A.B. asks: 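Got a structure here, written out as structure tokens. Questions coming.
Throughout, a chain's letter reflects where its sequence line sits, starting with A, and its residues are numbered from 1. Keep in mind the model is a prediction, meaning the values are calculated, not measured.
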Amino acid sequence: MAVALGLQQLGRQVTVFDEGDRAFRASRGNFGLVWVQGKGAKLTDYARWTRQSADLWPAFAEELREAAGVDVELTQPGGIDIFLSDDEAEAGVKRLQGLSAALDGDYPFEYLGHNALKRLVPEIGPDVVGATYSPMDGHLNPLYMLRALYAAFRRAGGQIDSGGTVQQIEPLGTGFRLQAGGNMIHADKVVLCAGLGNARLAPMVGLDAPVEPLRGQVMVCERIRPFLKFPSVQVRQVGEGAVQIGDSHEDVGFDDASTPRVISQIAHRAVRIYPLLEHVRMVRSWGSLRVMSPDGHPIYDRSVQCPGASLVTCHSGVTLAAAHAKILARWIAEDQQPEFVESFSAKRFDVRQVA
Amino acid sequence: MPSASTFARLPDGPAEDITILFNGEAVRARSGDTVAAALIAAGHRITRTTPVSGTGRGPYCMMGACFECLVEIDGEPNRQGCMVQVRDGMRIDAMSGARKLAEGNP
Amino acid sequence: MTGRVQLAVIGAGPAGMAAAVEAANCGASVVLIDEQPAPGGQIYRAITSAARPGKAILGDDYENGAKLTDTLAASTVDHWTATTVWQVTPEREIYMTRDGASHRITADAIVIANGATERPMPFPGWTLPGVMTAGAGQILLKTAGLVPQAGLVLAGSGPLLFLIAAQYLRAGGAIEALVETTPRSNYRTALRHLPGALRTPGYLRKGLGLLAELRKHKVRHVKTATRLQAVGDGRLQALRFSRAGRQHEIACTTLMLHIGVVPNVQITRALNLPHDWDALQRCWRPRRDADGATELDGIFLAGDGAGIGGAVVAELEGRIAGLASARALGTLETGKAEARLAAERSRLAQEMAPRPFLDALYAPSPEFLAPPDDTIVCRCEEVTAGQIRSYVGLGCIGPNQTKSFGRSGMGPCQGRLCGLTVSEIIASETARPMAEVGYYRIRPPIKPVTLGELAALHDDQAAAADRSLENAS
């Protein structure tokens, strides 16, 4: 939706094809972090790209408020990554140090031991060893973001076709013919943003999207009066007061169930981090399927074989939404070549090229 | 504030034999009552305000489905009043919006 | 309380009690799990209590419940009261809360008999304190002996409305008015089903008897009311409605609503079982066969939770599911089971005969299925019908999409009070059938559970895993 909104705002006439009500939708299961810290340890351009998007977010949120009348509740107070053992802490700090070195020191973060962290976050429990804090991080309400993107897109004149799954894309001399839910549609250009569905669609237009599902289980608790100042990878409090806790990484294929065993493990960890959550009730838990490429980074490509077709897939759709709407859309629409984008071609997975 | 109760107990049933506190005020109740029933019997029809808009709500389904009768019972927030039986001396408070975490917390 | 049982029955209403007793009498080890402190379900609520009102007020049908609770007490069934199930897995694990702690058992077979809930009856003002369901009124009467003395209006449609009116009158209560919303056209539709209903005339006779009681007490009885609105400053003060083109207002402090009951599908939905749309009863029914068996091995359904039939039907379905699960467990021989199942099925068919007539006569008025824009439909998150319609305008075609957009169904009640309404609104806005629009994806827990309880479960599992490692080494 971010790409579609960006394209529509650039004056293109965009139609989004959307699947049915119970489709696997990573965007609906999202945790809602706008997160920089720790990302891109293996691909420095991913760290840069992520940070650029986080920097674009305040203006983008303001734009969504004006265009859609929806407040996505963005706050960027900095975020903490909390460690429950010395090993975890050591690995976390080492990762951030590596990133900082790769980025010539332009990577603000600090490690806070238990006592220092306790001054900043008095709610932590005795099992917490420490945390890394970075002012780059923040969060928003991912459901409001989704609604804002839809509303802004519609108000800009975009079309949404909820008629069903796109079954077939056929490249023509100029343009493409799409088959979706029994209808045939012609388009000059095609952008594949179908998440896990990209794996099936990409080869139809000479592209490659080696993405696989990785289940994450998340739970949400009853509303509590605001008490958590800083979001963390493990626990965050959303604007309306609900506390979200996650998340697991499970390679279970296309199964988005939630399981009591994993949920109780997540709860166990959460209570160790913040013991005062012990009496708080979980009201809902769910599994959602992340869209993972082999290295976990986004894939952006334009088809050489079928000009006019391009591909966008990632698993950090919230953090990257601002960059997708403001930068990537230009690359797709106007053939601009922004920084970093070429680092994310699926060619990086091509064994022959690496060898 | 309660208004005069518009419900009466059946005359041949057991008497109200215990006392509970609602928002600090003594309320007579009958052993075996649920918290929600005891409050309705005493004329307390608004038993919480919502976390979204702060408007008043009261018991609606009395069978554990609707979560409208959420109250704080002996310091524990967001209990379903229709699913808990009264005990003598029980301290019940209306939920005022979203729950607090614990004593001393916001 | 962990471990393995042969049969776990969830819900101690007529279906659950009958299923548990039947299977136990076949020799199965049975636990019966229920949220209430005593057996009976909602229909026979407080039946074992010495303090409850007598037969002269509640009537003969209610007294039937005592037979069931007597057989339950005489059986080997292990009845866990005040126990709340919060998750059932396809592997037949049951997670539940009792005395503030969570427990897990694994059962070889499960009968889900969790009954019905009142169909939501949304209209402007239905969230005001003082508005409650007619079922709530009955629970207040049965458990606490509470009878309204002033300011009561009953509104809606269906036999329960007449029953509770009659019970209140017998108990010396006062009723300002009974405002019926049954559309005139329902009578014509129902007429077609009258011959079938006359095969089991008891229900109709009882209904006419209740109406006669109302007339005898000269209760104001308004028919074909539309455009209901509850008004009041912070709490209920009056009910407004239209009739024959004119506005009316009746002052009241208690408004009891009823437009039928619908299956409580929280557990079956969370299990991801297939559900079919019942166009006549206008509700979802979890799919099961004639024995109550679902597509999940060893999981059976019985009673109103699987489709509305009332207490007697629920009891018969409970027996059938109890026998079928005993057969599946091997404690009842197949040949014997068949003969007994056949007998119960034929009684069931007889009892079901009046249903189409009743369902057609008391089909809910469309104004409560897809209410006006200014009606709150999701009571927990305070989402209005108008907001749901605006999300449809943004491209949402199903309830899970509108849930993402506006949080309807995300509160503690988990969509129990808005699920049907939201889907009906989307169906009507997009002109698509309910079967295609679908329902919320219900996620565990079925009831909220504390993180402390969950964390303790993890400790237990970790300890068990350690033990099994030690044993292995």
A.B. asks: Test your reading of the model: is there a side-chain donor-acceptor pair from C:T450 to the backbone of A:V280, 3.5 Å cut-off?
C.D. replies: no
A.B. asks: Can you check whether C:L457's main-chain N or O pairs, donor with acceptor, with A:S264's side chain at less than 3.5 Å?
C.D. replies: no
A.B. asks: Tell me whether the count of non-hydrogen atoms from other residues, nucleotides or ligands lying under 6.0 Å of CG in C:D297 goes above 12.
C.D. replies: no
A.B. asks: For residues A:L143 and C:S404, report the shortest heavy-atom separation together with the two atoms involved.
C.D. replies: CB-O, 3.0 Å
A.B. asks: Can you tell me which portion of A:E240 sits under 4.5 Å from chain C's heavy atoms? Options are side chain, backbone, both or neither.
C.D. replies: side chain
A.B. asks: Taking the six-membered ring for Trp, is the centroid-to-centroid distance between A:Y144 and C:F405 below 6.0 Å?
C.D. replies: no
A.B. asks: Is the shortest side-chain N to carboxylate O distance from C:E453 to A:R281 below 4.0 Å?
C.D. replies: no
A.B. asks: Report yes if the side chains of C:H458 and A:I263 come closer than 4.5 Å at any heavy-atom pair, otherwise no.
C.D. replies: no
A.B. asks: Locate the shortest heavy-atom distance separating C:R443 from A:G287; write the atom from each residue and the value.
C.D. replies: NH2-O, 3.4 Å
A.B. asks: Considering only residues two or more places apart or on different chains, which pairs with a residue in residues 411-424 of chain C satisfy side-chain hydrogen bond (donor to acceptor under 3.5 Å, both in side chains)?
C.D. replies: C:R282-C:E424
A.B. asks: Let me confirm one number: the CG-CG distance from C:L394 to A:L146, rounded to the nearest 0.5 Å.
C.D. replies: 10.0 Å
A.B. asks: Sort out for me which of A:R223, A:Q159, A:R147 touches chain C most, counting heavy-atom pairs under 4.5 Å.
C.D. replies: A:R147
A.B. asks: Side chain, backbone, both or neither: which part of C:E93 has a non-hydrogen atom closer than 4.5 Å to chain A?
C.D. replies: side chain
A.B. asks: With respect to chain C, which residue among A:R269, A:R261, A:H279, A:E222 yields the maximal number of heavy-atom pairs within a distance under 4.5 Å?
C.D. replies: A:R261
A.B. asks: Which heavy atom of C:P448 sits nearest to which heavy atom of A:V283, and what is that distance?
C.D. replies: CG-CG1, 4.1 Å
A.B. asks: How many angstroms lie between CG in A:L277 and CG in C:L454, if you round to the nearest 0.5 Å?
C.D. replies: 12.0 Å
A.B. asks: Using a 4.5 angstrom heavy-atom cutoff, name the option from C:G395, C:G398, C:G438, C:G411 with the most pairs to chain A.
C.D. replies: C:G398
A.B. asks: Which one of A:S162, A:A151, A:P260 has the most heavy-atom pairs closer than 4.5 Å to chain C?
C.D. replies: A:P260
A.B. asks: Under 3.5 Å, is there a donor-acceptor pair between the side chain of A:R284 and the main chain of C:M410?
C.D. replies: yes
A.B. asks: To the nearest 0.5 Å, how far apart are CZ in C:R407 and CG in A:N141?
C.D. replies: 7.0 Å
A.B. asks: Identify the two heavy atoms, one from C:G393 and one from A:R154, that lie closest to each other, and give their separation to 0.1 Å.
C.D. replies: O-NH1, 3.1 Å
